[in-house]
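Reviewing the structure listed below.
Proteins get letters first, then strands, A, B, ... in listed order; numbering begins at 1 in each.
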2 protein chains.
Amino acid sequence: MSSLGYAVRMSLKIALLGLLDAKGPASGYDLAKAFESSISNAWQAGHTQIYPELVKMAADGLVAVESEGARNRKIYAITPEGARLVRSWLIEHQPTAAMRSEVALQAFLLPLLDREDAIEVVLRLRRQFSERLAGLECRPVVKASGFGRYALRLGIAQGRAALDWADDTLAELREAGRDGEGSPAETGPRPPEAGLGASEAGPGTSAAEGE
Amino acid sequence: MSSLGYAVRMSLKIALLGLLDAKGPASGYDLAKAFESSISNAWQAGHTQIYPELVKMAADGLVAVESEGARNRKIYAITPEGARLVRSWLIEHQPTAAMRSEVALQAFLLPLLDREDAIEVVLRLRRQFSERLAGLECRPVVKASGFGRYALRLGIAQGRAALDWADDTLAELREAGRDGEGSPAETGPRPPEAGLGASEAGPGTSAAEGE
DNA sequence: GCTTGACATGTCAGTCCTTACATGTCACTT
DNA sequence: AAGTGACATGTAAGGACTGACATGTCAAGC
């Protein structure tokens, strides 16, 4: 389809192959469980994605299937070709930094709320960060040599950063409440912010917040 | 369709409404530009998503359209109903923490590589974090009262955390190279890691790395 | 014997999202 | 006058993904 054809949109493949490579042969069900636990920090996928993908990868020779009698279990094992694909993706593929985070979106839109509501929202986010962080930190893999240790540490570092952000933001919001008493965002529905609408501003004003 | 119906899968709607609310009336083109710059830190969307979504939202009464003659421009403005929707989403919607990050996936799979390759990968990730962070930090919105300041600070905090992770990981990988000389992961294709395949291990071993 | 719940695998409708294609305007330069 | 490039809006094919539905096995407890 595309001119790249390779290394685009194959993260699910890679995640499955990586799990099979790291932990040995497994069934689709096992892999689905792994997406809920060990790899949840890096990628998510449900069984409705996993089962068809395993069939495709078997057809492509990236994994080998073996039907085990008990409970219709089908055991998948990575092939040398599959192992090669994971490694070349890791070494060659520059990951995209595309952001799509509901949390960041709420942070972005925070100034739309008045002070009290904003504080409530940040408190809820803080609680969420805290719970997530606790869930990560109690895993035994962190200091040991468990397989997911690098991703786990990254998740913990970013969770702590988010928690610090929440604390700083709460402090600023409460600070703004003590003096002034008008929150910075509720002084009007449409502050003159060098808007997007180029039609109602003169030329040359569109450089605000540029990347 | 679903039993929730509301507040699910509407992040794009919310992002568009939030931009219109914050910055005033704008065209689809303007909004697409905003997704490349100001809000890129929180959500991404191309114009092929934005134009149809604006049409839908206009039909739902969340935005009002006004055709401006010049260059077929269509100016969209948020309606009171749209503004209500953004605020209720912000206050009521608990964001999902669903992770789907190629960077985290590479971190997760790092132990599959031998030491030299792993170092190369982490160096590349570090460079990427560094560039991204520089791009964020040079924006004038950080300390000022620009609209996206909260999301920007969150992005910077998480970027710094990622950078620190890269430095720590590099240090560990290089440390492991000085003594031992066999990298922790290349001592065999299949270390006994309490695998996923329940069929080849006794019962009770599946608690490793559980969530 | 029967129920319950974990195990195990799948399909399907519908939505989301990306890539590629398609069209036309306007300002500026050559 | 023609070309270039930013402006501006769309459509369509196809893959990715979710949620709901569907089916059946097996072990443990009542």
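- The two atoms that bring B:Leu90 and A:Leu112 nearest to each other are CD1-CB, 4.5 Å, heavy atoms only.
- When the P atom of D:dT9 is taken as reference, atom CZ of B:Phe35 falls 15 Å away, rounded to whole Å.
- Rounding to whole angstrom units, NZ of residue A:Lys33 and P of C:dC7 are separated by 6 Å.
- The ring pair (Phe, Tyr, Trp, His ring centres under 6.0 Å) search around B:Phe35 returns none, not counting sequence neighbours.
- Across all strands shown, A:Lys13 has no heavy atoms under 4.0 Å from either base or sugar-phosphate atoms.
- Going from atom CG of A:Leu12 over to atom P of C:dT18 covers 17 Å, rounded to whole Å.
- Taking CZ of B:Phe108 as the reference point, atom CZ of A:Phe147 lies at 6.0 Å (rounded to 0.5 Å).
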- Task: Could you check B:Lys23 against B:Asp30 for salt bridge (charged side-chain N to carboxylate O under 4.0 Å, His left out), going step by step and ending with a plain yes or no?
- Result: CA-CA 11 Å; B:Lys23 313 213 176 188; B:Asp30 296 328; over 6 Å; no
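- Taking both residues in full, the closest heavy atoms of B:Trp89 and B:Ile14 are given as CE3-CG2, 3.4 Å, listed atom of the first, atom of the second, then distance.
- At the phosphate of C:dC16, neither OP1 nor OP2 sits under 4.0 Å from any side-chain N or O atom of B:Gln49.
- Between A:Gly28 and A:Ile50, the shortest heavy-atom distance links the atoms O-CG2, 4.1 Å.
- Across the protein-nucleic acid pair, A:Glu36 atom CD and C:dC7 atom C1' stand 13 Å apart, rounded to whole Å.
- Looking at B:Asp168 and A:Arg153, no side-chain N of the basic residue comes within less than 4.0 Å of a carboxylate O on the acidic one, giving no salt bridge.
- Phosphate proximity of C:dT18 to B:Gln44: present, with a side-chain N or O under 4.0 Å from OP1 or OP2.
- In this structure, A:Met57 atom CE and D:dA16 atom P are separated by 12 Å, rounded to whole Å.
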All N/O contacts under 3.5 Å from nucleotides 9-11 of chain C to the protein, with atom names and distances to one decimal?
{"unit_1": "C:dT9", "atom_1": "OP1", "unit_2": "A:Lys74", "atom_2": "N", "d": "3.0"}
{"unit_1": "C:dT9", "atom_1": "OP2", "unit_2": "A:Tyr29", "atom_2": "N", "d": "2.7"}
{"unit_1": "C:dT9", "atom_1": "OP2", "unit_2": "A:Tyr51", "atom_2": "OH", "d": "3.0"}
{"unit_1": "C:dG10", "atom_1": "OP1", "unit_2": "A:Lys74", "atom_2": "NZ", "d": "2.2"}
{"unit_1": "C:dG10", "atom_1": "N7", "unit_2": "A:His47", "atom_2": "NE2", "d": "3.4"}
{"unit_1": "C:dG10", "atom_1": "O6", "unit_2": "A:His47", "atom_2": "NE2", "d": "3.0"}

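- We find that CE of B:Met10 is positioned 16 Å from C1' of D:dT18, with the value rounded to whole Å.
- Counting to the nearest Å, the C1' atom of D:dA13 and the CZ atom of A:Arg9 are 15 Å from each other.
- Taking atom CD on A:Glu68 and atom C1' on C:dA8, their separation rounds to 11 Å, with Å as the unit.
- One finds a side-chain N or O of A:Arg100 lying less than 4.0 angstrom from the OP1 or OP2 phosphate oxygen of C:dT18.
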